[in-house]
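Here the structure is laid out as structure tokens; the discussion comes afterwards.
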Amino acid sequence: MYVVFLGAPGAGKGTQASVLAEKLGLAHISTGDVLRDAVRRETELGKQAKGYMERGELVPDALVVDLVVDRLSQEDAARGAVLDGFPRNVPQARALDDALKARGAAVDIAVYLRVPEPVLIARLAGRWECSICRAPYHELTNPPRRAGVCDQCGGPLTQRADDRPETVKRRLQVYFEQTAPLLDYYRERGVLAEVDGERPIPEVAEQVLAVVRRAEAGEGSRTSREG
Ligand code: AP5
């Protein structure tokens, strides 16, 4: 099964994608995580992507599409995957359709996490993540048990460079201009499910699982609304 998460920066895509991937035993593919890792390791991809990410712009499709197609061909993605942060525009969505079609598959469900803009801004301002396992935290809504320390692996927590207020503003603009049109793209294909992403994390996770189970059972979600 192939699940795509859609939503603005801070909507909770990373948080929910990792929970869902673990529950379903599917690969979790986060282009943001892959790109940040490449930037930290100063690989060729990282050097090319860094400036775009710091400005809150999308990294060019030519750099991102191949890495996702390649990742999808790895063994742990053979049964399916949960994609978070990809696709980000219509050309990427078409490239994903083509790559899945070549495997006799398709996007089974696109889960849109609906969250109002002021909530997104507050979430990004208070976000922390583990510098080792990348588990996400929030200083108010999802704090670690011990300040500054990851509950899961004990690693130190850090804040993302692109969570500065000016960059967040640009990321939101880019989302509305380039990524929001994907809602219609998946709605027209009958695979869009909307979930209220403003609820507490465990409640959102329950709603997400419910819409995914429905899609899995072939109940034609489809363009459903939860919460
Ligand atoms: P990416 O890493 O994908 O960032 P994003 O889309 O801006 O999304 P975020 O990771 O900021 O938010 P999220 O929705 O995952 O929320 P999270 O779960 O962390 O991309 C970064 C950059 O990489 C892009 O700007 C671009 O440059 C580049 N890039 C990536 N993919 C690309 C692509 N395909 N093409 C081109 N360029 C690409 O949650 C946020 C916070 O809220 C956390 O603190 C969390 O604990 C908290 N929280 C989550 N859910 C809830 C809840 N229900 N209630 C309360 N708090 C919550």
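Computation of the quantities below employed the complete heavy-atom set of this structure, encompassing side-chain atoms and omitting hydrogens, waters and symmetry-equivalent molecules. Read the numbers this way: they start at 1 and go in the same order the structure lists the ligands and their atoms.
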Ligand 1-proximal atoms of Q92, by part, heavy-atom distance under 4.0 Å: side chain

Y175 six-ring face occupied by R171 cation (under 6.0 Å, within 45°): no

Nitrogen or oxygen of P200 less than 3.5 angstrom from that of ligand 1: no

Flag if over 12 foreign heavy atoms under 6.0 Å of NZ, K23: yes

Nitrogen or oxygen atoms of V64 and ligand 1 under 3.5 Å apart: no

Gap between atom CD of Q173 and atom CZ of R170 - 0.5 Å precision: 5.0 Å

Option with minimal heavy-atom separation from atom 20 (O) of ligand 1, where the choices are R88, R170, Q16: R88

Joint cluster assignment, V4 & V115, ILVMFWY side-chain distance < 4.5 Å: yes

Side-chain donor-acceptor contact under 3.5 Å, D97 with Y185: yes

Atom 42 (O) of ligand 1: nearest protein contact (heavy atom, Å): R123 CD, 3.4 Å

CD-CZ distance between E194 and R187, expressed to the nearest 0.5 angstrom: 6.0 Å

Side chain, backbone, both or neither: Y137 near ligand 1, heavy atoms under 4.0 Å: backbone

Residue of the set L63, L58, V68 for which side-chain contact (heavy atoms from CB on, under 4.5 Å) holds with T31: V68

L124 heavy atom under 4.0 Å from ligand 1: yes

Side-chain heavy atoms of E129 within contact of R160, under 4.5 Å: yes

Short N-O contact, D184 and R189, less than 4.0 angstrom: no

Greater than 12 external heavy atoms within 6.0 Å of E42's CD: no

Salt-bridge contact E216-R213 (side-chain N to carboxylate O under 4.0 Å): yes

N or O pair under 3.5 Å between W128 and ligand 1: no

Closest protein heavy atom to atom 8 (O) of ligand 1, given as residue, atom name and distance to 0.1 Å: K13 NZ, 3.2 Å

Under 3.5 Å: N/O of D162 near N/O of ligand 1: no

Which residue and heavy atom of the protein sit nearest atom 26 (C) of ligand 1, plus the separation: E57 O, 3.5 Å

Over 12 non-hydrogen atoms of neighbours within 6.0 angstrom of CD in E22: no

Candidate pair E54 and T167, rule side-chain contact (heavy atoms from CB on, under 4.5 Å), full reasoning: CA-CA 7 Å; E54 283 174 353; T167 316; over 6 Å; no

Residue portion contacting ligand 1 (non-hydrogen atoms closer than 4.0 Å) for D33: neither

contact_flag A8 ligand 1 heavy-atom lt 4.0 Å: yes

Ligand 1 N/O within reach of V59 N/O, cut-off under 3.5 Å: yes

contact_flag R36 ligand 1 heavy-atom lt 4.0 Å: yes

Part of T141 with heavy atoms under 4.0 Å of ligand 1, whether side chain, backbone, both or neither: side chain

Polar contact flag for A11 and ligand 1 (N/O pairs, less than 3.5 Å): yes

G14 N/O under 3.5 Å from ligand 1 N/O: yes

T31, any N or O under 3.5 Å of ligand 1 N or O: yes

Ligand 1 contact by E129, heavy-atom criterion under 4.0 angstrom: no

Close N or O approach (D163, ligand 1; < 3.5 Å): no

Residue portion contacting ligand 1 (non-hydrogen atoms closer than 4.0 Å) for T15: both

Y52, OH atom: more than 12 neighbouring heavy atoms under 6.0 Å: no

Within reach of ligand 1, part of I201 (heavy-atom separation under 4.0 Å): both

Whether R199 lies under 4.0 Å from ligand 1, heavy atom: yes

G10 touching ligand 1 at heavy-atom level, < 4.0 angstrom: yes

